[in-house]
Amino acid sequence: HRRRAFGDVLDHVLVSSALFPWRADARGRVIAHRVHDAHFAAGDPALSSDHAAVSVTIEPLKRVEKLA
């Protein structure tokens, strides 16, 4: 977020532990993240949010079925 000329980390994305690739039962993994904060540099700060959207790209992992 940004307040006046100062910024700090406030906006987050929470993900499930099922996206930790080192887990044996992982379902996917985060391959990228992005902070959408271009509006801080453009326009009148009084007319825009002081928060930035945060997004992640998730890659699903292929499940390997165990044969009995």
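- Every residue meeting the salt bridge (charged side-chain N to carboxylate O under 4.0 Å, His left out) condition with Arg23, not counting sequence neighbours, appears here in chain and number order: Asp25.
- For His33, the side-chain contact (heavy atoms from CB on, under 4.5 Å) criterion is met by Val56, not counting sequence neighbours.
- For the pair Ala26 and Pro21, the tightest heavy-atom approach, listed with the atom from each and the gap, is CB-CA, 4.1 Å.
- With contacts defined as side-chain heavy-atom distances shorter than 4.5 Å, the pair His36/Ser55 qualifies.
- For Thr57, the side-chain contact (heavy atoms from CB on, under 4.5 Å) partners are Ile31, Ala32, not counting sequence neighbours.
- Here the straight-line distance linking atom CZ of Arg29 with atom CD1 of Ile58 works out to 12.0 Å at 0.5 Å rounding.
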